[in-house]
Amino acid sequence: MSSYYPGEILISRDKISCRVRELAAEIEKDFDGEPLLFIGVLKGSVIFLSDLARCLNSKVPVELDFLAVSSYGSSTKSSGVVKITKDLDEEITGRRVLIVEDIVDTGLTLHYLTSILGERSPKEIRICSLLDKPERRQVKIDINYRGFEIPDEFVVGYGLDFSGRWRNLPDIHVLRTTS
Ligand code: PRP
C-alpha cells in the first residue's frame, strides 16, 4: 500500500522568511498608517498570517480576524460553492481589508469570498497569498501581494496540509508517495 510523505523542499524557511518581510514592506508602503483588517482564511493561512503580521511595523494599525469556509467536500469544490462555516467577528463596512491566504489554486474560494465580503461594503478588499498556482486557475483573481508562483504540485508545510497533517512543517515540501 502506498503512503504519502513530505518530499523535497520546494521553498525553504529562509526563502519564506525573506519573502514575508518583503511583502510586509510592500503592505506598509501601500497602507502608510491607514488602519487595516487582516482576514485570515482558516486554517491554511494561520502560520503565514502570523508571520506577516509580526513583520509589519507599528505604523500600520492592524487588526486580525478570521473566517472559515467549507467547500462541501472535494467533489463539489469545482462548483465554486463554498459556505462560510465561521464568520468574521468584525464588521467590515467602510474598512480596508486584506484577505490573507496560503494558496490560490482554482481561485474559486477567493472568487466567492470576495463576492460575499464585497456585499458588506468594505472600503477596499485586497488579497495577499503566499502561494499562487496559476496553472490550476478557473477564475481570474487579482492577487495584490503574492509570495511565490509554484508549479502544479501538491505541497505541504507552513500552513498547508494533506488530510490535516504537516501544516506545522517550517519549510514547504512537495507531497510524495511511496510506490
Ligand atoms: C485551501 C486554501 C484556500 C483554498 C484555495 O484551503 O487555504 O482557501 O484551498 O483553493 P482554490 O483556489 O482552489 O479555491 P483548504 O480547502 O485546503 O482548507 P484549509 O485552509 O483548512 O487547509
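Whatever order the structure lists ligands and atoms in, that order sets their numbers, starting from 1.
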Item to complete: Return yes if some donor-acceptor pair links the side-chain N/O of T93 with the main-chain N/O of S121 below 3.5 Å, else return no.
Response: no
Fill in: 4.5 Å side-chain heavy-atom contact, I9 and I172
no
Discussion item. Please determine whether a side-chain nitrogen of the Lys or Arg among E124 and R126 lies less than 4.0 Å from a carboxylate oxygen of the Asp or Glu.
Written reply: yes
Fill in: For T106, atoms of ligand 1 separated by under 4.0 Å from a heavy atom
11 (P), 12 (O), 13 (O), 14 (O)
Worksheet item: Short list, please: which atoms of ligand 1 are under 4.0 Å from a heavy atom of G44?
Response: 19 (P), 20 (O), 21 (O)
Response to the item:
So the atoms of ligand 1 within less than 4.0 Å of a heavy atom of L42 turn out to be 20 (O), 21 (O)
Practice prompt. Go through the structure and list residues passing salt bridge (charged side-chain N to carboxylate O under 4.0 Å, His left out) with R165, not counting sequence neighbours.
Written response: none
Practice prompt. May I ask you to list the atoms of ligand 1 that are less than 4.0 angstrom from any heavy atom of D102?
Written response: 2 (C), 7 (O)
Worksheet item: Among D51, N168, D171, which one satisfies side-chain hydrogen bond (donor to acceptor under 3.5 Å, both in side chains) with Y158?
Response: D51
Practice prompt. Just say parallel, tilted or perpendicular for the rings of F31 and Y145, cut-offs at 30° and 60°.
Written response: tilted
Worksheet entry | Atoms in ligand 1 with a heavy atom of I103 nearer than 4.0 Å | 2 (C), 3 (C), 5 (C)
Practice prompt. Measure E101 to ligand 1 on non-hydrogen atoms and call it side chain, backbone, both or neither using the 4.0 Å cut-off.
Written response: side chain
Worksheet item: Are any of the heavy atoms in K133 under 4.0 Å away from ligand 1?
Response: no
